[in-house]
Structure formats: C-alpha cells, structure tokens
Amino acid sequence: MRIGIDYFAASTHWPGIGRYGRELVRALVRLEDCPELHLWSWGRGASLPATALGLTGTGVRRDAHRSTYRLPARLASALQALTGKGPEALCGSLDVFHRMSPHVPALAHRKEGRPSQVQPLLELPARGTREEAHLRAALLEMDAILCGSQAGARQAIAQLGLPAERVHSVTTGADHWLRDAAPRAADDLMQAGPPRLLVLGAISAAREPLAVLKAFEAFRDYHPSVKAKLVFCGRAGDAAEALLRALSRSPFVESVTWISDPIEADLPALVAGSAALLHLSSGELSPITPLEAMAFGAAIVASDLPAFREVLEGTDGALLVPACAAQDPAELAANIACALDSSADQAARGDRVAQAKAHTWRVNATETVALWRTLTPPRS
C-alpha cells in the first residue's frame, strides 16, 4: 500500500488534530508492517521541532517520505482549482489519502484513479447549524470516516445521517505524555501540597468554564479545610472574557490559575501532578482527554457523553455528569469532592491507570492500517 497523509497540522500544531496526526504517524513508522507513507504538507506555519515528530530514533522500522510546500492556503487552493490536481499528483499514485480536514486539501477532480479518502472525525458541531450541513456534505464524499470510539461512530451516523458501512472506530491512543512523565502515587500527591483540579482545552463556551468555576467556589465553601487549587490550561476562546470577569468577582481568585499559553513540554508533569481532571464538553466523539489524565491515575469529572461513557463507566473515580448536573454548582461540587477522595486512594488510582493502558497509539495505528487494507484493492 502507498498511503498519503495530510501532515500539515501534525507538523505545526501541538494539540487537537495536530497531536492525532503526529502520534498516529509516530506509531505507524514503528510497526513491523507499516505501509509506504507519504506525508504531505501544503501551507504556512511554524514547524514543530523535529524531535517532537518522532520520525527517527528508537524503534523506527520505516522511513516516511515528506513533501512540504510552504504556500499560503489561498494560493494552494487556487493552484489546485486551476490544475485540477491534488496531493496525490505530487506524491505519485496513492492507494489511500488519510485526511485531517474534510474540506482541504482538495484531491483531483476526476474520480478514476483517485485514492480512497479517510477522514477522522473527532467532534460533532451543534445540530441544525450551517457548520453541521457543511460537514455532512464533505463527509459524504469520503470512503471512510474514522471515530475514536464505537459510541462516537454511532453518534456520528445518527446525527449526520452517514452511511453506516462507511463509519468506523479505532482505539483512542492516550499514552503520549507517558514518554515524559510517570503516574504519581497518592501519598506523593498529598505531600506535594493542595490538590490541583485541572481543566484542559480552550476557554470556550462548549467547555463551560463558568460552570466549573461556580462549582469550584461551591466546593471551597462546603469544604473550607481543603485548600484545593483550580488550573485552567488552554488558549483564549469565546468564553475567555466572561471567565476573566467572573474571576475578578470570585472570593477564591487567588486559588485559580489560567495558563493561557500552554507549553507542550510542561503538560505531562502538569497532568501527572493533578488530583483530578474536570472536563465538561459537548460533541466529542473520542475519550482522549479523560484517558490522558487517567493514564497518570487522576480522577475524572466529565460530561456524560457516549464516547466518554464507553471507556469511563464503572471505573472507580471516573464520574460522569449529566448536562443538568453541570449547571448545578452544588451537585458538581459534590462530584469534585468524590473525585478528590478517589485521587487519594492508591488502589483507585491503579485501576484508572490499568483502564487507560489499553489505549495506546500503537493499537490505534494497527487498527488504522487494517482499515486502509479494506479500502485497497489487491494489486495484480
């Protein structure tokens, strides 16, 4: 097989789809049966350090071919529209093109000889929006849509009306930060100081930072002896100004930190040293963020999404919060209290680490290769 992969985000963006693409390829080049890979980047952006990409070094079994074209996105699109040629023409004949965006880059206009297209789908837009309609139209052009959970795949089929035979699921990889930090023992965390409650991700309305802050304030009111700290770690989004206003009025503002410009190298230790992750969200089809924290033993308070329930339900100290409870500061504060109790329980921490261990990027890569093979006709 000859596989093309849109590698632009992987080589320029730390979080989100960038991390997905980077960790997928890092695992692929270490597989015994890794197919021939062509990593394709077209666009401008500051490149991440070569060491972050993991394309060389210990365990690498196959070199990947990289093609980088530093052209503005608009010029790239104009050239593609003019020539009718996409990355498959620049990489040579491909069997599969693994996308990161369903919209760009465009492949050749002709269908004959065009590679099969695979599109990962990490999150769903709000129902009834123009974004949802635009996404549905683009996904219907794909040969396969890939979700990070079985529940997420079912949710995508139901909401977007996608053909069920084209929607697939793979194991979500969540072991990347374990290269740089290790799970902490409960005693070590307790001796390190006040317990830290961590919120990862952009400060956006979808993450409900104001609900988290109100619940934290309620928790501190109900448990004055527990001097817990709250840390938001994520770039400014559409709720950043509202959060700053709420913080200016908060009686516990000195116990709240916002890391507005996260440094990737600091994240493994930050997550490993946190007692619990608070992750309110909507539309996510992959449980990656809760699993990232569970890999270190942290307790979890997360929205009751199908993708989260698939891996968290029944795990000690992994608490799923219905949407109505997220808007009740007292109820959410009670969940925080339970999470902190579980964080101090070494057996429960071990259970969470064990649950997360199966979710590796190697498994994700192996399952992705298996999907590619189903899309590739045998060569004569």
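The shown structure was predicted, so the numbers you read here are calculated from the model rather than taken from an experiment.
Using a 4.5 Å cut-off between side-chain heavy atoms of Ile, Leu, Val, Met, Phe, Trp and Tyr, L189 forms no hydrophobic cluster with any other residue. Alongside I263, the hydrophobic cluster contains no other residue (criterion: ILVMFWY side chains under 4.5 Å). The hydrophobic cluster around L139 extends to L121, L124, L135, L140, M142, I145, I157, L160, L162, V167, L285, counting ILVMFWY residues whose side-chain heavy atoms fall within less than 4.5 Å of a member.
The closest side-chain heavy-atom distance from V118 to L371 is below 4.5 Å.
Aromatic ring orientation, F252 versus F216: perpendicular (interplanar angle above 60°, classes split at 30° and 60°).
Each of R220, K227, E217 was checked for a side chain to side chain donor-acceptor pair (under 3.5 Å) with S255, and the lone residue meeting it is R220.
Heavy atoms from other residues, nucleotides or ligands lying under 6.0 Å from CD of Q346 number more than 12. The neighbour count for R179 CZ, taken as heavy atoms of other residues, nucleotides or ligands under 6.0 Å away, is above 12. Residue D63 places its CG atom among 12 or fewer non-hydrogen atoms of other residues, nucleotides or ligands, all under 6.0 Å distant.
In summary, E264 and R19 engage in a salt bridge, as defined by a charged side-chain N under 4.0 Å from a carboxylate O. Looking at R99 and E141, no side-chain N of the basic residue comes within less than 4.0 Å of a carboxylate O on the acidic one, giving no salt bridge. For the pair R62 and E32, the salt-bridge criterion is not met [side-chain N within less than 4.0 Å of a carboxylate O].
Note on residues 263-295: pairs passing ring-ring contact (aromatic ring centres under 6.0 Å, His included), not counting sequence neighbours, are H279-F308.
The two residues T172 and G148 have their closest heavy-atom pair at OG1-O, 2.6 Å. Listed here is the closest heavy atom pair of A298 and R349: N-NH2, 4.1 Å. Nearest heavy atoms, S149 versus S169: O-CB, 3.4 Å.
With hydrogens and angles left out, the side-chain atoms of R352 and S342 include a donor and acceptor closer than 3.5 Å.
Linking Ile, Leu, Val, Met, Phe, Trp and Tyr whenever their side-chain heavy atoms come within less than 4.5 Å leaves Y20 and L291 in two separate clusters. Placement of L319 and I288 in two distinct hydrophobic clusters is found when ILVMFWY residues are connected by side-chain heavy-atom separations under 4.5 Å, directly or transitively.
Remark: W372 pairs with H98 by the ring-ring contact (aromatic ring centres under 6.0 Å, His included) rule, at least two apart or across chains. With sequence neighbours excluded, no residue forms a side-chain hydrogen bond (donor to acceptor under 3.5 Å, both in side chains) with D187.
Side chain of R184 to main chain of A269: no donor-acceptor pair is present (N/O by atom type, distance under 3.5 Å, no hydrogens or angles).
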